[in-house]
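Written below as structure tokens is the structure these notes are about.
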Amino acid sequence: MSETKNVINLEGRIDTNNAAEVEKMITSSIESHPGEEVAFDASKLEYISSAGLRVLMKVRKGTGKPVAITEVSPEVYEIFETTGFTDLLDVSKRLREISVDGCEKLGEGGNGAVYRIDDDKIVKVYKPTVSQAEVDKERSFAKTAFINGVPSVIAYDTVKVGDSLGVVFEMLRSDTLGHAIVANPDKMEAYVDQYVELAKTLHSTHVPAGSFSRIQDILHGYADNLDKWCSSEEIQTLHEIVDAIPEADTVTHNDLHPGNIMIQDGELVLIDMPEVTMGPPICDLTSIYRDMVAAPKGEGTLIAQSVGMPLDMISKVGNMFFMKYKGISDPAKLEEYYKKLGLLYAVNVVLVVGTGNEHAVMHAKGIMENLFRPVVLQNAETIKNLFRKM
């Protein structure tokens with residue numbers, strides 16, 4: 001906890017017999033820590049009655065600020081939820097603790113890894129730097145996508161895994177698409193057909209305004225983060241390129257590679273959803289080109305780990321994906337398409353630096369000197385037109 005937060009412990013039972021005494025204790029603590037934000041640790045709270053709840057409401061009204069109650073047991077949380085207090089106070093349930101020691105790792109990406117914990121369930125374990133708010137956002141995105149017809153899994157439990165947060169999914173007899181292709185190379189084309197179908201379903205799913213962030217807003221934020229490496233004029237050019245991206249009410253995943261797709265009873269479902277936005281399909285196609293076509297030709301170690309496939313197979317699947325998605329059978333025409341997509345990919349790589357991605361930041365100077373200035377800046381008008389037309 002921060003030095004400006006007064007954490008008060010709630011213990012045992014709080015009911016009509018001791019509510020007045022608990023209120024005095026809380027009042028005394030608040031008075032002895034003037035100006036500090038009040039929070040309650042309920043890890044040792046066994047029960048709370050309506051009398052105890054009224055005490056907490058007095059604190060909320062008295063401070064005039066949101067009051068957080070953390071580490072609430074499932075039994076006590078049910079009391080808060082049933083009485084509607086979860087809508088009035090910031091109540092956080094105590095997380096179940098699990099271990100992934102000895103569990104099979106199904107895949108690993110930029111913000112965490114996925115493990116199978118038993119025959120029925122998998123858990124996505126986030127890196128320790130990922131906050132509860134970010135985990136909750138991804139869960140919310142997955143729910144919104146599912147409600148709007150996008151094949152995606154719904155989490156049913158947030159857990160603690162060591163120093164990290166995890167989300168448990170019920171996934172019977174499931175594996176990543178990447179692993180399935182490696183294990184069954186003779187079925188590669190059939191799997192790619194499903195991959196294309198999933199992408200087209202995503203790109204034709206219309207969602208209400210506000211369901212997800214606009215991709216333009218996200219990319220503008222990334223551009224602003226490049227002030228360490230770019231001049232204000234260069235950043236302005238990037239903003240103008242982003243403004244050329246057409247408005248769309250369809251869904252873009254922005255990390256749609258086979259390592260982020262699970263197979264559940266023969267159906268492909270999305271499991272990794274932190275970067276979902278509203279935007280045109282070309283934005284998703286650019287990220288797929290980045291991971292499945294460009295990366296295997298260059299420094300592909302990280303993408304091989306994320307996708308769960310060897311680089312030559314990633315490249316083969318990537319080419320097959322674009323030929324099927326775009327209906328291109330002539331390799332020469334595919335290369336022409338890639339030249340155009342490559343310019344949009346260059347913008348994508350530059351903006352990834354603005355996300356704070358550790359690997360991208362490490363190579364930021366080279367990206368700016370070898371990709372941004374000679375490619376993106378020199379072809380800015382062409383890139384704007386490609387975003388408008390592709």
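These numbers come from the heavy atoms of this one structure, side chains and all, not from hydrogens, waters or symmetry mates. Given the structure is predicted, the values throughout are model-derived calculations rather than measurements.
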Evaluate whether atom [atom1] of [X] has more than 12 neighbouring non-hydrogen atoms of other residues, nucleotides or ligands under 6.0 angstrom away.
X: E11; atom1: CD; value: yes
X: F146; atom1: CZ; value: no
X: K340; atom1: NZ; value: no
X: E134; atom1: CD; value: yes

Using side-chain heavy atoms (C-beta onward) and a distance below 4.5 Å, is [X] in contact with [Y]?
X: D101; Y: Y115; answer: no
X: L106; Y: M262; answer: yes
X: C103; Y: I117; answer: yes
X: L343; Y: T382; answer: yes
X: L334; Y: M323; answer: yes
X: E369; Y: K365; answer: yes

- [ ] Could you walk me through whether N6 and S29 pass side chain to side chain donor-acceptor pair (under 3.5 Å), step by step?
- [x] CA-CA 8 Å; N6 176 19; S29 179; 3.1 Å; yes

Salt bridge flag under 4.0 Å for residues [X] and [Y]:
X: D118; Y: K121; value: yes
X: E71; Y: K44; value: no
X: K24; Y: E21; value: no
X: R54; Y: E23; value: no
X: K333; Y: D330; value: no

Open item on the list: Determine whether Y126 and E138 satisfy the following criterion, side chain to side chain donor-acceptor pair (under 3.5 Å), listing intermediate values before the conclusion.
Closed with: CA-CA 11 Å; Y126 295 83; E138 181 170 353; 2.9 Å; yes

- [ ] Could you tell me whether the side chains of D136 and Q132 share a donor-acceptor contact shorter than 3.5 Å?
- [x]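 Distance-only check passes for D136 and Q132.
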
Open item on the list: Does either side chain, that of S211 or that of T144, offer a donor lying less than 3.5 Å from an acceptor on the other one?
Closed with: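 Absent: no donor and acceptor within the cut-off.
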
Open item on the list: With side chain to side chain contact (heavy atoms under 4.5 Å, CB included) as the test, pick out the partner of F40 among V59, V7, L89, V91.
Closed with: V59

Open item on the list: If hydrophobic clusters are built by linking Ile, Leu, Val, Met, Phe, Trp and Tyr wherever their side-chain heavy atoms come under 4.5 Å apart, do F321 and L311 end up in the same one?
Closed with: yes

Open item on the list: Are V150 and I147 connected into the same hydrophobic cluster when the rule is that any two of I, L, V, M, F, W, Y join if their side-chain heavy atoms are below 4.5 Å apart?
Closed with: no

TODO: Using the test side chain to side chain donor-acceptor pair (under 3.5 Å), find all partners of N9 that sit at least two apart in sequence or belong to another chain.
DONE: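 Here no residue qualifies.
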
Between [X] and [Y], which heavy-atom pair has the shortest distance, and what is it?
X: V159; Y: V167; answer: CG2-N, 4.5 Å
X: M273; Y: A145; answer: CE-CB, 3.4 Å
X: Y337; Y: L285; answer: OH-CD1, 3.7 Å
X: V55; Y: A19; answer: CG2-O, 3.8 Å
X: D284; Y: N254; answer: OD1-N, 2.6 Å
X: P208; Y: N148; answer: CD-OD1, 3.6 Å

Task: Partner set under salt bridge (charged side-chain N to carboxylate O under 4.0 Å, His left out) for R373, not counting sequence neighbours - done: E234

Atom pair [atom1]/[atom2] of [X] and [Y] - distance to nearest 0.5 Å:
X: I14; Y: I26; atom1: CD1; atom2: CD1; result: 6.5 Å
X: I69; Y: L10; atom1: CD1; atom2: CG; result: 7.0 Å
X: Y191; Y: D186; atom1: OH; atom2: CG; result: 8.5 Å
X: L351; Y: I367; atom1: CG; atom2: CD1; result: 10.5 Å
X: N319; Y: K324; atom1: CG; atom2: NZ; result: 12.5 Å

- [ ] Please lay out, stage by stage, how E108 and V114 fare under the test side-chain contact (heavy atoms from CB on, under 4.5 Å).
- [x] CA-CA 6 Å; E108 185 170 2; V114 177; over 6 Å; no

- [ ] Kindly confirm or rule out a cation-pi arrangement of K200 over Y325, judged by NZ or CZ under 6.0 Å from the six-membered ring centre and within 45° of its axis?
- [x] yes

Open item on the list: Here's one to test your reading of the geometry: is the NZ or CZ of R290 within 45 degrees of the ring axis of Y345 and under 6.0 Å from its centre?
Closed with: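 No, R290 does not lie over the aromatic ring of Y345.
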
Open item on the list: Please determine whether side chain to side chain donor-acceptor pair (under 3.5 Å) holds for the pair S43 and D41, giving the CA-CA distance in whole Å, both sets of side-chain angles, and the decisive distance to 0.1 Å.
Closed with: CA-CA 6 Å; S43 57; D41 182 335; 2.8 Å; yes

Task: Stepwise side chain to side chain donor-acceptor pair (under 3.5 Å) check, T158 with R139 - done: CA-CA 9 Å; T158 302; R139 290 188 62 176; 2.5 Å; yes

- [ ] Check the angle between the aromatic planes of F141 and F212 and answer parallel, tilted or perpendicular using the 30° and 60° thresholds.
- [x] perpendicular

Open item on the list: For H220 and H239, take the angle between the two ring planes, folded into 0 to 90°, and tell me which bin it lands in: parallel under 30, tilted 30 to 60, perpendicular over 60.
Closed with: tilted

Task: Whether N370 side chain and G366 backbone form a donor-acceptor pair below 3.5 Å - done: yes

Open item on the list: Keeping Q194 on the side-chain end and E189 on the backbone end, is there a donor-acceptor pair under 3.5 Å?
Closed with: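 No, the answer is negative, given that no donor and acceptor are paired below the 3.5 Å cut-off.
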
